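Notes to accompany the following structure.
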Amino acid sequence: MDKVNILGVKVDMVSIDEAADKIMEFLDEDKVHAVFTPNSEIIMRAYRDEEFCKLLNGADLLTADGIGVVYASRILKKPINERAAGYDIARKVLKKMNDTGHKLFLFGGKPGVAEEAKEKLLIDYPNLNIVGTRNGYFKSEEESEIVAEINNSGADMVFVCLGAPKQEEWINRNKENLKVRAALGIGGSLDVFAGRVERAPEIFCKLGLEWFYRLLKEPWRIGRMMDLPKFAVTVLIHGKKYKQD
Ligand code: UDP
């Protein structure tokens, strides 16, 4: 897979469909695959923190979540065709899993959210095999119990929705002990599946203004969002120093 090196993070140049196909292929390979969907905030974090950058690059699939990352790829002359957000990839994967019968575990969100997401998903995908749910609030000593719960469920795939960078770190820390074939770190997706959070209307996404919609809905995000302009400036000034292979 072709990659674009954005400030040290090697992002796969895949569309939503290609990412979903790749994830389904992972289910046939006998190892745990990590899938992360970095946005500009996360890439800025990796730019500042070498260890975190290594962690991201250790993933089996890294997709561009956010218009900032897509623009960065254009600036670096390796354009990614479309934004491949975790939620959109998950929808495609769910549709495929509805046909294949693979087993899915939903992990993350406030108590009750994963169960609500399960109920709603079964309306859209009646044959989907959801074998377990677990909220995303836990003490570190409970972690091995959670891994055991996921393993005992026989899940082929787990959605890990703890927000970034918690979910990436959780997957990385537990990769050795997990038996699933794919672990997807997909942020607030369970909230959206559960109907607790609305996605930005299509028009905002098309115009690359989803961040603006989120800011209107969740103004406390302003601090985190200041990384977007910093990211753009950093890519413009330093982006070309990173080797593209
Ligand atoms: N969350 C969680 N455990 C935590 C912190 C957060 O399960 O310890 C959940 C939270 O309930 C929400 C999601 O993680 O469902 C974070 O969503 P957000 O949209 O903030 O994700 P991001 O934009 O960081 O990917």
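One-based numbering, in listed order, for ligands and for the atoms of each. Since we're looking at a predicted model, the values are computed, not measured. Numbers here simply count residues along the sequence, with the first being 1.
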| task | Among Ile, Leu, Val, Met, Phe, Trp and Tyr joined by side-chain contacts under 4.5 Å, find the other residues sharing a cluster with Ile237 and list them by chain and number. | result |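 Same cluster as Ile237: Val233.
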| ligand 1: which residues have a non-hydrogen atom closer than 4.0 Å? |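 Within the 4.0 Å shell of ligand 1, which is judged on heavy atoms, sit Gly108, Gly109, Lys110, Gly136, Tyr137, Cys161, Leu162, Gly163, Ala164, Lys166, Gly187, Gly188, Asp191, Arg214, Arg221, Arg224.
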| field | Nearest heavy atoms of Met1 and Val14, plus distance in Å | value |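 Shortest heavy-atom contact: SD-CG1, 3.8 Å.
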| task | Only pairs at least two apart or in different chains count here, so list each side chain to side chain donor-acceptor pair (under 3.5 Å) that has a residue in residues 176-193. | result | none
| query | How about Phe204 and Trp211: are their ring centroids closer than 6.0 Å? | reply |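 They do not qualify: ring centres at least 6.0 Å apart.
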| message | Would you say the ring centers of Phe193 and Tyr87 fall short of 6.0 Å from each other? | response |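 Yes, ring centres under 6.0 Å apart.
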| All pairs passing salt bridge (Lys or Arg N to Asp or Glu O under 4.0 Å) where residues 155-168 contributes a residue, at least two apart |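 Counting only pairs at least two positions apart or across chains, no salt bridge (Lys or Arg N to Asp or Glu O under 4.0 Å) contact touches residues 155-168.
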